[in-house]
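To start, the structure itself, in structure tokens.
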Amino acid sequence: MTTGQPRPPRSHRRRRNRLVLVVLALGAVAALVAVAVVVVPLVRPPGPRPLFQLPVACGETWQLGTYPGHDDYDVDLFPIEGQAWGRPVLASYGGTVTVAGVNGSLGGRTPQDPDGPRGRGGGYWVKIDHGGRWETQYLHLLEAPMVEVGQRVEQGQQIGKVGSTGNSGAPHLHYEQRRGWEKVEAHFDGAPSGITHDDTEYTVRRTSNNCVG
Ligand SMILES: [Zn+2]
């Protein structure tokens, strides 16, 4: 043993090997936990569709519409009577608020200045997790949402007011229903909305049965 590096005593080497094994085992456990906590909930099949209601006041009739470039299944709601500004936006179904904030930028469109500077994105918005991987989204609200992230909301509970923040031409509610990874045709009171594609501009009318709040 006169040439080469002196080798560390065997016991040191064994201790180092044991340390490597412990680190590898911890890494494997962390990976398994990540899979269980993050991946499994995302790949499990969605639950049955909740009985969503129109996100506006009980008994009111609203026009639901879309236009080319909107996005398939996206619904824009306008009241057929009265001003849209400030109208109550209601939770379509019970759930937990997962987003309550600003998407993009607010811009400056208000009831006092309806043609003010246009913002970007969804403006003030709310997202609700209804369980079973079902979600709803409510965009362009007039003011900061009336709910907070983590808050439990009941069906029919007011979450905000109709406005024109973000990329919005006129006061209205942009609304979406999502199942798992994908947007789906919105259903209200158990019936499909009829807003299924954005190839052309078209509208339907629906009356709210969101009457339990
Ligand atoms: Zn829209």
Side-chain angles (χ1 to χ4, degrees), residues 1-53 55 71-75 89-106 119-141 144-160 165-167 174-188 190 192 196 212-213:
M1 294 286 279
T2 53
T3 57
Q5 296 290 324
R7 316 191 75 191
R10 269 174 180 281
S11 61
H12 282 199
R13 246 180 295 150
R14 229 178 287 142
R15 223 176 292 151
R16 207 187 307 142
N17 288 347
R18 221 179 300 144
L19 186 66
V20 168
L21 280 176
V22 168
V23 169
L24 284 176
L26 285 176
V29 168
L32 282 174
V33 168
V35 166
V37 170
V38 177
V39 179
V40 168
L42 294 178
V43 297
R44 77 182 191 280
R49 182 194 307 273
L51 188 58
F52 292 121
Q53 298 295 343
D71 204 7
D72 288 347
Y73 306 123
D74 284 8
V75 179
V89 175
L90 312 182
S92 273
Y93 193 77
T96 303
V97 176
T98 53
V99 173
V102 177
N103 175 269
S105 69
L106 296 174
R120 287 180 291 105
Y124 282 126
W125 73 306
V126 170
K127 189 158 132 179
I128 301 175
D129 177 357
H130 303 286
R133 302 187 65 208
W134 284 88
E135 287 180 336
T136 52
Q137 299 190 5
Y138 313 74
L139 277 62
H140 309 308
L141 305 179
M146 298 164 72
V147 291
E148 296 176 352
V149 171
Q151 185 180 335
R152 169 84 203 171
V153 292
E154 302 302 322
Q155 185 171 68
Q157 182 174 337
Q158 186 172 0
I159 58 175
T165 54
N167 183 11
H174 174 110
Y175 175 88
E176 299 173 20
Q177 290 179 3
R178 286 169 184 258
R179 178 184 60 206
W181 296 113
E182 46 179 13
K183 275 183 218 184
V184 294
E185 180 180 4
H187 280 52
F188 299 110
T196 54
V212 295

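Since the structure is predicted, the reported quantities are computational estimates derived from the model, not experimental observations.
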Show the nearest heavy-atom pair for residues [X] and [Y], with the distance to one decimal.
X: His140; Y: Asn167; value: CE1-O, 3.4 Å
X: Ala91; Y: Glu154; value: CB-O, 3.5 Å
X: Pro50; Y: His130; value: CG-CB, 4.2 Å
X: Ala100; Y: Val149; value: N-CG2, 3.7 Å
X: Ser92; Y: Pro55; value: OG-CB, 3.9 Å

Item to check | Sidechain N-carboxylate O distance under 4.0 Å for Lys183, Asp74 | outcome: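 Yes, Lys183 and Asp74 are salt-bridged.
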Would you check if [X] and [Y] make a side-chain contact, meaning some heavy-atom pair closer than 4.5 Å?
X: Leu141; Y: Val126; result: yes
X: Ile159; Y: Met146; result: no
X: Tyr93; Y: Thr136; result: no

Indicate every side-chain donor-acceptor pair of residues 26-43 with a distance under 3.5 Å to a residue at least two apart or in another chain.
none

Item to check | Approximate separation, where rounding is to 0.5 Å, of Gln137 CD and Gln177 CD | outcome: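 Answer for the CD-CD pair, Gln137 versus Gln177, is 11.0 Å.
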Item to check | Interatomic spacing from CG in Asp71 to NE2 in His174 - rounded to 0.5 Å | outcome: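 Those atoms lie 7.5 Å apart.
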Quick check against the 3.5 Å criterion: does [X] have a side-chain atom that pairs as donor or acceptor with the backbone of [Y]?
X: Gln155; Y: Leu51; answer: yes
X: Trp134; Y: Gly47; answer: yes
X: Thr96; Y: Asp129; answer: no
X: Thr165; Y: Tyr124; answer: yes

Next on the checklist: Quick test of your reading: applying side-chain hydrogen bond (donor to acceptor under 3.5 Å, both in side chains), list the pairs with at least one residue in residues 43-53, sequence neighbours left out, ordered by first then second residue.
Outcome noted: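 For residues 43-53: Arg49-His187, Gln53-Asp189.
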Next on the checklist: Which residues pass the ring pair (Phe, Tyr, Trp, His ring centres under 6.0 Å) test with Tyr73, not counting sequence neighbours?
Outcome noted: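 Not a single residue meets the ring pair (Phe, Tyr, Trp, His ring centres under 6.0 Å) criterion with Tyr73.
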Next on the checklist: Among residues at least two apart in sequence or on other chains, which ones pass ring pair (Phe, Tyr, Trp, His ring centres under 6.0 Å) with Tyr175?
Outcome noted: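 Tyr175: ring pair (Phe, Tyr, Trp, His ring centres under 6.0 Å) contacts with Tyr138, Phe188.
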Item to check | Listed partners of Arg178 passing side chain to side chain donor-acceptor pair (under 3.5 Å), at least two apart | outcome: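 Scan of Arg178 (side chain to side chain donor-acceptor pair (under 3.5 Å), adjacent residues dropped) gives Glu176.
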Next on the checklist: Can you list everything that forms a side chain to side chain donor-acceptor pair (under 3.5 Å) with Arg152? Sequence neighbours excluded, please.
Outcome noted: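 Partners of Arg152 under the side chain to side chain donor-acceptor pair (under 3.5 Å) test: none.
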